[in-house]
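To start, the structure itself, in structure tokens.
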Amino acid sequence: MDAPEKPWHAAYPAPRDTEPEAWSPSQVLSLLQSGDAAAQQGKVVLVDLRRNDHEGGTIRTSINLPAQSLYPSIPTLYSMFAAAGVHTVIWYCMSSRGRGTRAAGWFSDYIADQGNAEMKSVVLQGGIKGWVAAGEEYTAYVDEYDAAHWLK
């Protein structure tokens, strides 16, 4: 009998920060809608961690970094974000209960290891599912939004 397949993240250490700060969809939407958006440009990065399930759209301004390849890239991402003056990285996946929380925890651990008190790593509460379920005000901020996908 074959041994059960290990999850992709078993190859990496568990994050020390198992409960990273969570921002609600309304907090993130307020940030995206704020009149101070020009000042925020580049200071906040949204990261969509979906890979195979990256359908139905993505929150405007997000970059796609599939969780399965994230861990080895954390030092490089941190260096790039720090050099760009990013102060908040917001991670999300479908529900932000697995990949989103794990990525936010790993990045939070790395920030702490660097002694950086300026940058923070947070998770989008409810993930993209929660974002889309919050209504039209939220889906208006989803690039390539496909309503049919979310009815499945």
Side-chain angles (χ1 to χ4, degrees), residues 5-12 14-15 17-111 118-152:
E5 188 175 321
K6 290 183 179 182
W8 65 269
H9 55 84
Y12 307 111
D17 184 354
T18 58
E19 293 185 30
E21 182 179 346
W23 283 13
S24 69
S26 63
Q27 285 175 286
V28 176
L29 182 63
S30 292
L31 184 68
L32 293 174
Q33 291 176 329
S34 75
D36 193 24
Q40 294 294 338
Q41 190 70 13
K43 303 298 181 195
V44 175
V45 174
L46 283 120
V47 181
D48 186 339
L49 295 157
R50 296 173 297 155
R51 179 177 70 175
N52 296 341
D53 55 343
H54 190 258
E55 299 170 333
T58 190
I59 300 170
R60 187 167 303 139
T61 75
S62 296
I63 58 174
N64 181 238
L65 298 172
Q68 294 79 355
S69 59
L70 176 71
Y71 189 82
S73 302
I74 288 174
T76 302
L77 290 170
Y78 172 82
S79 294
M80 289 184 343
F81 293 161
V86 170
H87 60 71
T88 306
V89 183
I90 305 168
W91 307 89
Y92 69 92
C93 58
M94 192 60 82
S95 67
S96 290
R97 287 192 209 120
R99 295 169 288 185
T101 301
R102 190 173 292 109
W106 280 333
F107 204 73
S108 180
D109 292 348
Y110 194 84
I111 291 168
E118 309 269 320
M119 189 184 294
K120 65 177 157 181
S121 176
V122 302
V123 65
L124 173 61
Q125 200 170 34
I128 186 105
K129 269 186 174 177
W131 182 273
V132 168
E136 287 183 26
E137 187 178 15
Y138 295 83
T139 59
Y141 278 84
V142 176
D143 290 337
E144 298 185 5
Y145 176 66
D146 177 5
H149 172 79
W150 300 103
L151 297 174
K152 295 177 188 178

[atom1]-[atom2] distance between [X] and [Y], expressed to the nearest 0.5 angstrom:
X	Y	atom1	atom2	value
Trp23	Leu31	CH2	CG	6.0 Å
Leu46	Ser62	CG	OG	4.5 Å
Leu151	Asp146	CG	CG	8.5 Å
Glu55	His149	CD	NE2	5.5 Å
Ser108	Glu21	OG	CD	9.5 Å

Is the shortest side-chain heavy-atom distance between [X] and [Y] below 4.5 Å?
X	Y	value
Tyr92	Thr58	yes
Trp131	Val28	yes
Met94	Lys129	yes
Ile59	Leu124	yes
Val44	Thr61	no
Trp91	Leu70	yes

Grab the two heavy atoms, one from [X] and one from [Y], that are nearest each other, plus how far apart they are.
X	Y	value
Tyr141	Gln33	OH-CG, 3.3 Å
Ser24	Ser26	OG-OG, 3.0 Å
Pro20	Val123	O-CG1, 4.3 Å
Ala103	Ser121	O-OG, 4.4 Å
Leu49	Cys93	CB-CB, 4.4 Å
Pro15	Arg102	CG-O, 3.9 Å

His87 vs Lys43, test: side-chain contact (heavy atoms from CB on, under 4.5 Å). Steps then yes/no. CA-CA 5 Å; His87 60 71; Lys43 303 298 181 195; 3.2 Å; yes

May I ask you to check whether over 12 heavy atoms, not counting those of Glu19, lie within 6.0 Å of atom CD? no

Does Arg60 CZ have over 12 foreign heavy atoms under 6.0 Å away? yes

Ignoring hydrogens and geometry, is there a side-chain-to-backbone donor-acceptor pair from [X] to [Y] under 3.5 Å?
X	Y	value
Arg99	Arg50	no
Asn64	Asp48	yes
Thr101	Ser96	yes

Consider ring pair (Phe, Tyr, Trp, His ring centres under 6.0 Å). Of Tyr110, Trp8, Tyr12, which one does Tyr71 pass it with? Tyr12

The single option from Val47, Leu77, Val122, Ile111 that satisfies side chain to side chain contact (heavy atoms under 4.5 Å, CB included) with Val89 is Val47

Phe107 vs Phe81 aromatic rings, parallel, tilted or perpendicular, using cut-offs 30° and 60°? perpendicular

